[in-house]
> 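I have a structure I would like to understand better, so I am pasting it below and will then ask my questions one at a time.
Start at 1 and go down the list; that is how both ligands and their atoms are numbered.
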Amino acid sequence: MTKVDTRCPYCALQCGIRMGTTESGDVTLEPRDFPTNRGGLCQKGWTAAELLRTPDRITTPLVRDDRGDLVAATWEEAYSRIVAAVRSAQAAAGPDAVAVFGGGGLTNEKAYTVGKFARVALGTSRIDYNGRFCMSSAAAAGNRAFGLDRGLPFPLTDLAGAGAVLLVGSNLSETMPPSVQHLSGVRSRGGLIVVDPRRTATAALTESGGGIHLQPVPGTDIAVLLGLLHLVVVGGQTDDDYLAARATGWEAVRDAATVWWPERVERVSGVPVDELRGAANLLAAASPSGGGSGAYVLTGRGAEQHAHGTDTVTAAINLALALGLPGRAGSGYGCITGQGNGQGGREHGQKADQLPGYRSITDPAARRHVAGVWGVPEDSIPGPGLPAVQLLDAIGRPGGPRVLFVHGANPVVSAPDSDRVREKLAQLDLLVVADFVPSETVRLADVVLPVPQWAEEDGTMTSLDGRVLRRRRVIQPPGGVRDELRIWRELAQLLDAPVTFASDPSDVLQELALASSGGVADYAGVDQARLDTGEELYWPCPEPAHPGTPRLFLDRFATADGRARMIVVDVAPVDDDVRPDAPIYLITGRVLQHYQSGAQTRRVTELMRGEPRPFVQLHPVLAARLGIEEGDSVRVTSTRGSACGAARLSGDIRRDTVFMPFHFPGAGAANAVTNPATDPVSGMPEFKVCAVSVSREVVS
Ligand SMILES: Nc1nc2c(c(=O)[nH]1)N[C@H]1C(S)=C(S)[C@@H](COP(=O)(O)OP(=O)(O)OC[C@H]3O[C@@H](n4cnc5c(=O)[nH]c(N)nc54)[C@H](O)[C@@H]3O)O[C@H]1N2
Ligand SMILES: Nc1nc2c(c(=O)[nH]1)N[C@H]1C(S)=C(S)[C@@H](COP(=O)(O)OP(=O)(O)OC[C@H]3O[C@@H](n4cnc5c(=O)[nH]c(N)nc54)[C@H](O)[C@@H]3O)O[C@H]1N2
Ligand code: SF4
Ligand SMILES: [Mo]
């Protein structure tokens, strides 16, 4: 049996696995020791290999025929449909008539190439990706405060020594179970604080050992964070020497927090004053200036996926800076990146306003550099495009996209106001989707391009803490499948692109290294050979001899003057707030067994057995008021649409709030209900909270 060391296909923890193939062709998968997972895997990781043999795997291109059915076709037919539609849309309406939607699960090599394909082969500005739905608020806040966005600017394992960790809107116990090991130290020291409207498995971790669970009204995290800041200011617990040396804007931020005294925070958020005080004291005592062993402030999607998510993250960063945490060994601020390559996928040009190396597409020097690497004139690179929600919304409007390529996303299930997204996609001249399973978005496509899966390809991924890692091929993809690097190379050629595209992952990584050289996310010193010798290369890694950078900001932040920028932010209401006809908050998120839109995990037997159908979690008191019993079919309705799920009664959720996972399509699709209103800075939609009415579904 041959054994290959690679990584789990799903989340940003990128747990180490070892895979093997037996002579009879069976695939084996076992956990492998790696710092982020220490030999652990979650149920999704353990069962990941089943998808490699899924019976409805797409193994040939498909095109929509005259009767409206998707039928098998040759690659030549699929390509000629695409080329004809691109040419006619662009002839009629200019280069931006064609758009691209990428994914944070793509390898670095593919994330880089899809950005280049859009700008060089299609000549369009219109590219964005599902990471807009994921990391964008934290990225925007990190960039504006620190001048750089690397989710965790320190190794995840650093958390082990902390005296306090404030986890705002993250449910690590279900979303990255092996990572919970790194919290065992802080739990035993009684320093874990979790902010979540639900008593999740993660919030329950605070109960053994003296931690604190704050259970705010959805969308009020910013009030809680301002309240914590207020308390550390009043308590004289701020790190004034650090603030004087390492931050700007402190006085204004401090003054703005004076109006968020704890009783007022309690009125807005429902978090009791004594709990807020307890949390402030835990954090301050653990902070370096309080003589503690170190403290961390971490945000997850619960804090970020709001129409004011960037400001909420900014409030979290301001609190961390006031306590002197960022850029300090053993302390810090971080956001917990989600998708398998959520970090690398946001660095190399899939974002609407970005060029490789986390460069800005409006920066003349960045454009010159990248144009040089690509071998194209600088002025041929388009300007910034539209963020994901606006990109999808522009379809069907004058000047909007007529052809859309989707690579690594399932927006029919995962985008907000998903019924509308479905209508939008139907208005395209041509929808091209590359995938390996018939996802809900694939089913709407006019051309489907079958691609390899994770264990059938080579490349690199960047973990939540910025380590560049190898993904390795274990088995050959089925015949008939073509990898995306090859697809973009061939399409570029057919579209008469001015340059030839590299399609070997190691060549692409070399090109990416050059393109990112000198940028913020500098991979210039990264190559496959170095990664294969087992070196841990954290970016920035600017030269072949550079050891990589596990901890950022120790001497200075990445701003022009080296100081962190503190920005005044204030409480803002939920965009679609509760009112008499929609008196309850819907919040959304994840369960252990399913990944994202569920396109992959709904095809794995054991995961479906564990969590087979959509559900609505609600408090027994609310349920009694609405005449709902355990297991009843419950309809959740907003001004945009409705979704149904089986009632799951639980005292773990606030009485004014119901929760639905977003992993299911059709009648149980939470995103039929969610609000597409976006954050003005990041473009993040307000997935996490909207106003709904809730009723028992009467089955006639
Ligand atoms: N099992 C599983 N694991 C995953 C994924 C998956 O789909 N399934 N996806 C991966 C990806 S891409 C990501 S981004 C991460 C996400 O990882 P997390 O951020 O941990 O996941 P979520 O469940 O989306 O949200 C976390 C919590 O936010 C809470 N929440 C909702 N509204 C609010 C609010 O207003 N304030 C606060 N404080 N909390 C709120 C929810 O109750 C939920 O428990 O997980 C990664 N890992
Ligand atoms: N209501 C609500 N909605 C949410 C969220 C929420 O918390 N609440 N979370 C949001 C977040 S954080 C995220 S990250 C998004 C994710 O949402 P999606 O973009 O829908 O994510 P996936 O389900 O991972 O979809 C990836 C698709 O690409 C395919 N795929 C995987 N690898 C590759 C590849 O290499 N190439 C190609 N071509 N295809 C591939 C998979 O089979 C799958 O069909 O959902 C967002 N939507
Ligand atoms: S935690 Fe994430 S990377 Fe690890 S096994 Fe689970 S899904 Fe895979
Ligand atoms: Mo995500």
> Closer than 4.0 angstrom, basic N to acidic O: yes or no for R609 and E50?
no
> Which pairs with one or both residues in residues 441-480 pass ring pair (Phe, Tyr, Trp, His ring centres under 6.0 Å), sequence neighbours excluded?
none
> Should E30 and K3 count as an ion pair when the cut-off is N to O under 4.0 Å?
yes
> Do T36 and R467 get their side chains close enough for a donor-acceptor pair, meaning under 3.5 Å?
no
> Output, by chain and residue number, all protein N/O/S atoms separated from atom 2 (Fe) of ligand 3 by less than 2.8 Å.
C11 SG
> Return yes if a side-chain donor-acceptor contact under 3.5 Å exists between D458 and Q528, otherwise no.
no
> Any ion pair linking D446 and R81 (charged N to carboxylate O, less than 4.0 Å)?
no
> Partners of F133 by ring pair (Phe, Tyr, Trp, His ring centres under 6.0 Å), sequence neighbours excluded?
F687
> Measuring from each atom of ligand 2, which residues have a heavy atom under 4.0 Å away?
L106, K110, N130, F133, C134, Q305, Q339, H407, G408, A409, N410, S414, A434, D435, F436, V437, S439, V451, E484, T588, R590, Y595, Q596, S597, A599, Q600, F662, N671, T674, F687, K688
> Would E456 and R57 pass as an ion pair if we require N to O under 4.0 Å?
yes
> Do N130 side-chain atoms and G103 backbone N/O form a donor-acceptor pair below 3.5 Å?
no
